Visitor: 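After the structure tokens below, expect a handful of questions from me.
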Amino acid sequence: MSQENLTTENILQRLPAPLLDWYRANARDLPWRRTRDPYRIWVSEIMLQQTRVAAVLGYYARFLTAFPTVEALAAAPEERLMKLWEGLGYYSRARNLQKTARIVAEQGGRFPDTYAGLLKLPGIGDYTAGAIASAAFGQREAAVDGNVLRVVMRLTDCHDDIADPKVKKAVRAQVQAVMPETAEDIRVFNQATMELGATVCAPNGPPRCLECPARDFCLGRLRGTAEDLPVKGAKKPRRVEERTVFLLLRQGQVALRKRPKTGLLAGLWEFPNAEGTLDEAAASAVVESWGLTPKQWESRLTAKHIFTHVEWHMTGYTLEVAGDGPADFVWAGAEELGERAVPSAFARYSEEAKRRLGGWKED
DNA sequence: AACACGTGGAT
DNA sequence: TATCCAAGTGT
């Protein structure tokens with residue numbers, strides 16, 4: 001077929017046959033591909049949202065050991081749930097996971113087996129509903145994630161902005177139209193399209209077109225545009241926030257407090273901190289405003305943490321204090337600190353706190 | 001529609 | 001060091 005005769009429709013129509021063959025020979029062996037249990041597939045899909053496979057694997061195994069069933073997850077204490085999610089990011093995923101677990105447990109532990117039914121559940125959007133409906137139930141539903149978007153835009157040499165919801169919707173319709181018909185081929189097709197995007201038609205750098213089962217009819221490759229696709233709108237610059245973090249030590253304990261229920265790192269534990277980069281005098285005033293008496297200033301520790309949309313520049317003070325502080329302060333020993341979910345943003349301070357508490361002995 | 005929402009690996 | 005951005009969803 002000449003390049004001029006390749007249209008979006010017939011390019012995508014040519015995809016399934018070679019893609020399925022390629023996948024059957026080249027698929028990675030991933031734990032969630034070894035099951036059709038909707039619970040296990042669902043947990044994997046939530047963890048994989050905006051998160052790399054390599055980062056998920058360990059969390060996935062630990063999570064399923066802790067919560068082998070949807071009922072166990074529904075009944076989990078918040079602290080245990082968040083501790084298991086600690087470091088994985090996007091923590092509302094874990095809270096929505098439990099909300100959905102409770103809904104499903106109320107229905108006798110049965111997940112909805114349709115795209116529309118799944119879509120109603122908290123944390124399950126367009127992509128995830130399609131992924132679960134197909135992988136767990138063999139339903140003929142497209143699952144269009146970032147991988148699929150990239151594959152389709154390159155195959156069809158389409159320069160539309162993939163951040164535009166209209167473009168995503170159109171791609172979903174195009175993919176839906178060429179999906180195979182049997183349950184087994186449907187499962188493989190969705191997995192295979194994502195696998196191709198993750199391993200061959202990959203982001204960051206040139207695609208490995210020589211290994212691609214679609215190389216003969218990929219318009220992006222034939223026209224040399226593949227590496228520049230997909231087109232994505234410019235992202236907003238991050239704002240910078242200055243914080244002063246306090247490692248308040250008191251007889252083998254360190255002060256922690258719970259973050260607000262909404263917003264960044266909602267409901268996770270943090271070391272008390274204040275806005276701004278404070279010098280020792282200003283920091284001392286903050287400590288006293290908490291009703292604490294600074295006894296000995298020990299060290300200063302700076303750290304930077306970059307989130308997607310904000311950047312924290314932190315200055316930390318470690319100090320021995322006397323007093324209890326505000327009512328929402330919790331004084332944690334080494335063991336208790338290890339049981340609380342403290343986000344990676346505070347990693348340098350968590351490490352320092354563990355060092356200080358680890359060697360501490362009563363008397 | 002546009003923005004909030006984490007983290008860490010790759011380049 | 002800087003930038004990208006990943007198996008997206010909720011508001």
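Order of the sequence lines sets the chain letters (A, B, ...), proteins ahead of strands, with each chain counted from 1. Note that the structure is a prediction, hence the values are computed from the model and not measured. The figures here come from the full heavy-atom set of this structure, side chains too, leaving out hydrogens, waters and symmetry mates.
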Visitor: Would you call A/E78 and A/R95 a salt bridge, using N to O less than 4.0 angstrom?
Guide: yes
Visitor: Would you say C/dA6 has OP1 or OP2 under 4.0 Å from some side-chain N or O of A/K232?
Guide: yes
Visitor: Side chain of A/M194 only, please: which of C/dA2, B/dA4, C/dA7 is the nearest?
Guide: C/dA7
Visitor: At 4.0 Å (heavy atoms only), tell me whether A/V53 reaches a base, stays on the sugar-phosphate, or touches nothing.
Guide: base
Visitor: Closer than 4.0 Å, any side-chain N/O of A/Q49 to the OP1 or OP2 of C/dG8?
Guide: no
Visitor: Looking at every strand, decide which applies to A/L30 at a 4.0 Å heavy-atom threshold: base, sugar-phosphate, or nothing.
Guide: base
Visitor: Sticking with atom P, work out how far B/dG8 lies from C/dT9, rounded to a whole angstrom.
Guide: 22 Å
Visitor: Salt bridge check: are A/E181 and A/R140 linked by an N-O gap of less than 4.0 Å?
Guide: yes
Visitor: When you measure from the side-chain N and O atoms of A/N147 to the phosphate of C/dA7, is any distance below 4.0 Å, counting only OP1 and OP2?
Guide: yes
Visitor: Does A/R93 qualify as a cation-pi partner of A/Y90, given the criterion of NZ or CZ under 6.0 Å from the six-membered ring centre and within 45 degrees of its axis?
Guide: no
Visitor: In whole Å, measure the gap between the C1' atoms of C/dG10 and B/dA1 for me.
Guide: 13 Å
Visitor: Over all strands shown, is A/I46 touching base, sugar-phosphate only, or nothing at heavy-atom distances under 4.0 angstrom?
Guide: nothing
Visitor: Between A/T128 and A/Q49, is any side-chain donor less than 3.5 angstrom from a side-chain acceptor?
Guide: yes
Visitor: To the side chain of A/Y90, which of C/dA7, B/dC5, B/dT7 is closest?
Guide: B/dC5
Visitor: Within the structure shown, what part of the strands sits under 4.0 Å from A/K168 by heavy-atom distance: base, sugar-phosphate, or nothing?
Guide: nothing
Visitor: Identify whether any heavy atom of A/R28 sits under 4.0 Å from a base atom; if not, whether one sits that close to sugar-phosphate; answer base, sugar-phosphate or nothing.
Guide: base
Visitor: A/D164 near the nucleic acid: base, sugar-phosphate alone, or nothing, with a heavy-atom cut-off under 4.0 Å?
Guide: nothing
Visitor: Looking at every strand, decide which applies to A/G197 at a 4.0 Å heavy-atom threshold: base, sugar-phosphate, or nothing.
Guide: nothing
Visitor: One thing to verify: whether A/E184 and A/R36 come together as a salt bridge, which I'm taking to mean a side-chain N less than 4.0 angstrom from a carboxylate O.
Guide: yes
Visitor: Assign A/I124 to base, sugar-phosphate, or nothing according to its heavy-atom contacts below 4.0 angstrom with the strands shown.
Guide: sugar-phosphate
Visitor: Would you say the side-chain atoms of A/D228 and A/T225 include a donor-acceptor pair closer than 3.5 Å?
Guide: no
Visitor: Regarding A/R33, tell me which of base, sugar-phosphate or nothing describes its non-hydrogen contacts under 4.0 Å with the strands shown.
Guide: base
Visitor: A/T308 near the nucleic acid: base, sugar-phosphate alone, or nothing, with a heavy-atom cut-off under 4.0 Å?
Guide: base
Visitor: Whether the A/E79 and A/W269 side chains hold a donor-acceptor pair (N or O, under 3.5 Å, no angle test) is what I'd like checked.
Guide: yes
Visitor: Determine whether a donor-acceptor pair (one donor, one acceptor, N or O, separation below 3.5 Å) exists between the side chain of A/S344 and the base of B/dG8.
Guide: no
Visitor: Using the C1' atoms only, state how far B/dC5 lies from C/dA6, rounded to an integer number of Å.
Guide: 14 Å
Visitor: Categorize A/A163 for me: base, sugar-phosphate, or nothing, with a 4.0 angstrom heavy-atom threshold over every strand shown.
Guide: nothing
Visitor: When you check the phosphate oxygens OP1 and OP2 of B/dT7, does a side-chain N or O of A/H305 lie under 4.0 Å from one of them?
Guide: yes
Visitor: On DNA chain B, compare the nucleotides closest to A/P165 and A/G205; which residue's is nearer the 5' end?
Guide: A/P165
Visitor: For atom C1', what is the distance between B/dG6 and C/dC5, given to the nearest Å?
Guide: 12 Å
Visitor: C/dA7, B/dC5, C/dC5: which one has an atom nearest the side-chain heavy atoms of A/R52?
Guide: C/dC5
Visitor: Under 4.0 Å from OP1 or OP2 of C/dT9: is there any side-chain N or O of A/T128 that close?
Guide: yes
Visitor: Between A/S92 and C/dG10, is there a contact of a side-chain N or O with OP1 or OP2 at under 4.0 Å?
Guide: no
Visitor: Let's see if you can work this out: which of B/dT7, C/dA6, B/dT11 has an atom nearest to the side-chain heavy atoms of A/N204?
Guide: B/dT11
Visitor: OP1 or OP2 of C/dC5 less than 4.0 angstrom from a side-chain nitrogen or oxygen of A/K235, does that happen here?
Guide: yes
Visitor: Checking all strands, does A/W85 fall into the base, sugar-phosphate, or nothing category for heavy-atom contacts under 4.0 angstrom?
Guide: nothing
Visitor: If you measure from the P atom in C/dC4 to the same atom in B/dC3, how many Å do you get, rounded?
Guide: 16 Å
Visitor: Strictly below 4.0 Å: does A/H309 bring a side-chain N or O up to OP1 or OP2 of B/dC3?
Guide: no
Visitor: Students often get this wrong, so: under 4.0 angstrom with heavy atoms, is A/G123 touching a base, only sugar-phosphate, or nothing?
Guide: sugar-phosphate
Visitor: Could you pick out which residue, A/R239 or A/Y59, lies toward the 5' side of DNA chain B when each is mapped onto its nearest nucleotide?
Guide: A/R239
Visitor: Choosing from B/dA4, C/dA7, B/dG6, which nucleotide comes nearest the side chain of A/R150?
Guide: C/dA7
Visitor: Taking the six-membered ring of A/F189 as reference, does the cationic atom of A/R24 (NZ for Lys, CZ for Arg) lie under 6.0 Å from its centre and within 45° of its axis?
Guide: no
